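Scroll down for the structure; my scribbles are underneath it.
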Amino acid sequence: MKKMKRGLRRKISPFGLSAAVLAAASLAQAAPVVSRLTPPSALFTFGDPGAPYIARFLPGQRFDLQATIRPDTGFTITNAEFRVDGKLVALPITSTPATVAGLPVNTGVWTSRAFSTLTPGVHALAVTAYQDDGAVVSTNGNFEVVQILQKGRRAKNIIYLIGDGMGIAHRTAARIMAQGAALGKANGPLAMDLMPQTGIVMTHSLNSIVTDSAPGAHCYSTGNKASNGQEGVFPHDTTVAFDNPRIEYIGEYLYRTQGKTLGIVTTADVFDATPGAFAIHTQDRGAGTGICDQYLDEAVPFSGLRVLLGGGRKWFLPAVVSGSQRAAANDYVLPGELASGWGVPAGVVDTNRDLISDFTSSGFYYAADKTALDATPSNEDRLLGLFSFSNMNVAKDKIDKRRHPGSLGVVDDYGFPNQPMLDEMTAKALEVLAKNNNGFTLMVEGASIDKQAHNMDSERWILDTLEFDRAIAVARQFAATNVDTLIVVTADHECAGINIIGASMVSNASLLTRAAAGDGTTQLRAGVVGTYDAAGFPSYQIAGDGYPVTTDPDRKMLIGYAANADRYEDWLTNPQPLRDSQQPFNPVAPLNTYPTGPLNRDVAGNFLITGQVSDSTAVHTASDIPVYADGRGANLFRGTMDNTEVFFKVMQATLGGSTGL
Amino acid sequence: MMKQRIHFSFLLGVLLTGSPVVADDVSVATGPHASADLTRRVPVATSRSASATEAVSATTKCLKPPSGEANTNALPPLPPGVTELKFGEFFRQPIGPRGLESTEKLRSLEGRRIRIVGYMARQAKPVSRCFLLAPVPLTLNEIEYGYADDLPAATLHVFTSSEAPATTPYTPGRLLLTGSLSLGNRLEVDGRISTVRLQLDAPTAEQNAAAHAAAKKVLATDPHAGHGH
């Protein structure tokens with residue numbers, strides 16, 4: 001009902017407050033116009049003063065105030081003031097020209113940095129702008145400061161495990177493969193099945209029902225919504241990637257107030273959206289050079305970043321080194337007012353920076369492969385691991401190499417035959433972070449659950465879900481002996497509209513024959529796709545390493561995609577992943593023999609499944625996702641919640657505690 | 001349009017090499033190496049043959065149909081004093097603890113004459129007497145994305161002779177280039193740092209004159225010619 005009410009108000013808004021309405025107004029304005037007020041609020045956009053409040057913060061959590069103000073033609077805005085609850089904000093206010101397309105050239109963006117208030121409750125935010133002819137405009141918004149209740153033992157350590165793109169069916173598929181089911185019951189649980197608390201999370205971003213991974217993780221690290229592609233910031237009206245209004249991150253807040261350190265572990269390139277959304281403030285999730293520089297320049301000194309593990313070495317090499325992707329166009333320099341407002345370095349464009357050496361000079365131990373990771377000296381309290389140039393290889397391809405160390409495999413084609421598994425990275429991260437007596441926040445991402453779901457490569461995302469589940473098991477082992485640890489397992493969104501549609505009704509030998517026959521649906525759908533009773537209980541044999549002996553047993557599990565692009569399907573495990581354009585050797589042999597897309601593999605069977613989306617791969621969906629919690633404060637994670645609420649539950653557990661486990 | 005493309009391929013070839021442009025199968029891995037790859041993965045991935053076709057189709061947009069015609073892409077005999085170089089031979093595998101390291105073969109060819117097959121990158125901001133040759137066709141939009149692109153690590157900065165026209169028109173399709181190789185990091189006028197460079201052979205006076213005349217004629221009738229579509 002609330003949404004309908006807001007929609008109605010937007011259409012008939014009598015206030016002249018809506019940005020959309022104002023943008024469409026004629027040039028002959030009688031007064032200056034505020035077209036954006038940050039933090040975002042339904043009060044500003046729709047004239048709706050009620051809940052739910054769009055922007056919410058912790059007591060003392062810092063964030064920027066910003067307004068986009070357009071003077072009348074031929075006039076100038078001479079000053080602007082922010083007021084919170086009627087009281088003038090005493091912070092410096094600066095302006096810069098708005099540069100996004102569609103705004104008049106004299107539009108300015110007015111900002112006060114690093115505001116905070118300790119007082120819980122809903123606060124009125126107002127901006128007043130003064131034009132040089134004496135005209136004045138004042139506009140209202142609001143935000144909420146959440147009350148932290150002191151009610152029990154507090155969590156010392158927080159472990160977020162984010163299965164990127166992991167919806168409910170990813171988990172079910174992983175369980176069926178790893179544990180099997182018989183006579184109607186699962187033969188055993190996944191590690192995540194053992195988490196005692198479960199809730200449901202709604203995942204919309206600030207500008208869409210369907211989020212991407214940047215806002216999808218930013219909500220867990222800031223308690224706020226972001227627009228797609230953006231992390232650690234609210235949207236604004238300049239085109240500069242790193243000058244947006246910021247929101248203080250969980251890592252920054254807890255390091256500043258409690259001395260808790262931060263760890264980031266991912267199987268993706270470390271510049272990717274989910275890891276970036278725990279430490280980097282930018283409206284451009286693709287700005288790799290600046291993002292990776294900020295890990296060292298800001299996250300190490302101001303978030304207590306002590307562990308950074310993943311791929312992405314190409315951003316850490318001087319531009320003169322072959323394979324480097326450092327570039328001036330995606331480096332960062334902060335405006336002076338931002339740097340001084342937040343007390344952070346402004347940065348420089350330095351494409352020839354040797355970021356690995358700068359990390360090691362700052363006391364980090366550097367591991368380039370699993371062997372070096374395993375050899376991390378026990379006294380190290382700072383750890384950097386960059387195990388590939390871009391995204392790491394997926395679990396299936398890493399495991400294949402471990403099972404056949406003498407043979408060349410996919411990981412050899414990528415140039416990195418000795419990459420660690422996510423659970424191994426998690427264990428090492430916990431070992432290093434546990435040295436801080438004040439506790440820590442660790443974010444562990446199973447990144448390629450999403451990337452392989454996009455590619456509709458069923459076996460690869462299932463095995464990455466299993467790899468992720470093994471990292472959960474490692475975290476739970478840690479929590480068993482470190483009882484003041486809170487573990488939150490969730491996703492950022494669902495990817496690909498995945499579900500388990502049944503099982504093959506034929507043997508693998510038959511499937512191989514059918515996949516080569518070229519007869520499409522008559523060979524690969526009819527007589528193969530078993531639904532309901534015909535699906536039975538697919539069975540996979542699990543090897544000592546925890547992964548299936550083969551992902552192509554007789555009568556294997558079959559997966560469907562509801563958010564799919566066109567693809568050929570033959571149900572068999574793909575010997576090669578799809579190409580990853582971010583890899584340095586992508587265009588040369590042997591990687592240039594890998595299929596480029598879901599229409600370039602499995603073609604021999606001629607079973608074309610047309611998709612609803614015109615993209616080349618499957619897409620994220622707006623489906624709710626599960627959240628699981630264990631450890632100190634886990635009992636807070638019940639019911640259905642907005643994704644930003646997960647952050648406030650984590651912080652309630654950390655700052656105020658909770659009763660029971 | 002097709003006629004125009006062919007015309008430009010010819011034009012570029014004449015301009016740049018002084019020898020005919022020959023479309024080579026740049027995807028060298030569709031040969032024995034790729035087959036070996038598929039074979040070696042059989043134990044884990046089950047045996048299937050579809051990927052050989054997929055692999056070819058994935059890299060054959062500009063190629064003739066691959067079935068049984070791989071040999072039609074054979075290069076002409078190697079001229080004396082020229083070494084064949086492939087993009088896959090630029091850097092050592094596996095990758096070490098830091099950046100990419102050049103192969104012994106690449107290092108041994110410094111200052112030597114080589115020939116190589118690749119694709120001219122289509123650039124939004126072309127620069128005078130320099131273009132990029134990549135192992136795959138690609139478009140670089142420096143205006144919108146700056147230099148934040150997925151330019152392959154193995155990419156050649158190609159320099160044309162001072163006798164050639166200043167602007168080299170974009171030419172789709174495979175190109176076979178011959179010239180002198182130079183190595184080492186250098187900041188180029190395009191703002192990128194080059195690591196491997198090719199100085200093309202000069203055109204003959206006759207070719208040069210013909211090329212100039214052809215370029216003038218085409219540019220006069222179609223100002224967008226040569227910039228792709």
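Keep in mind that what you see is a predicted model, and the values were worked out from it rather than measured. Below, chain A is the first sequence line, B the second, and so on; all start at residue 1.
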Is there a side-chain contact between B/Pro94 and A/Phe416, using heavy atoms and a 4.5 Å cut-off?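 SC-SC contact between B/Pro94 and A/Phe416 ruled out.
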For a 4.5 angstrom cut-off between non-hydrogen side-chain atoms, does B/Arg98 reach A/Asp354?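 Yes. Closest side-chain heavy atoms under 4.5 Å.
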Among [options], which residue has the highest count of heavy-atom pairs closer than 4.5 Å to chain A?
| options | answer |
| --- | --- |
| B/Gly88, B/Gly96, B/Gly99 | B/Gly99 |
| B/Ser102, B/Ala154, B/Ala153 | B/Ala153 |
| B/Asn185, B/Thr155, B/Ile95 | B/Ile95 |

Assess whether atom CZ of B/Arg186 is packed by more than 12 heavy atoms of other residues, nucleotides or ligands within 6.0 Å. yes
Are there more than 12 heavy atoms of other residues, nucleotides or ligands under 6.0 Å from atom CZ of A/Arg402?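 Yes, CZ of A/Arg402 has more than 12 neighbouring heavy atoms, counting only those of other groups under 6.0 Å.
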What part of [X] gets closer than 4.5 Å to chain B, counting heavy atoms only: side chain, backbone, both or neither?
| X | result |
| --- | --- |
| A/Phe389 | side chain |
| A/Asn418 | neither |
| A/Tyr366 | side chain |
| A/Ser357 | both |

For chain B, the option from A/Val320, A/Leu317, A/Leu599 that forms the most heavy-atom pairs under 4.5 Å: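 Counting heavy-atom pairs under 4.5 Å, the top option is A/Val320.
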Among A/Ala368, A/Ser322, A/Gly323, which residue forms the greatest number of heavy-atom pairs with chain B at distances under 4.5 Å? A/Ser322
Please report the closest heavy-atom contact between A/Arg579 and B/Val136, naming both atoms and the distance. NH1-CG1, 4.4 Å
The reported gap from NZ in A/Lys314 to CG in B/Leu100 (rounded to nearest 0.5 angstrom) is 11.5 Å
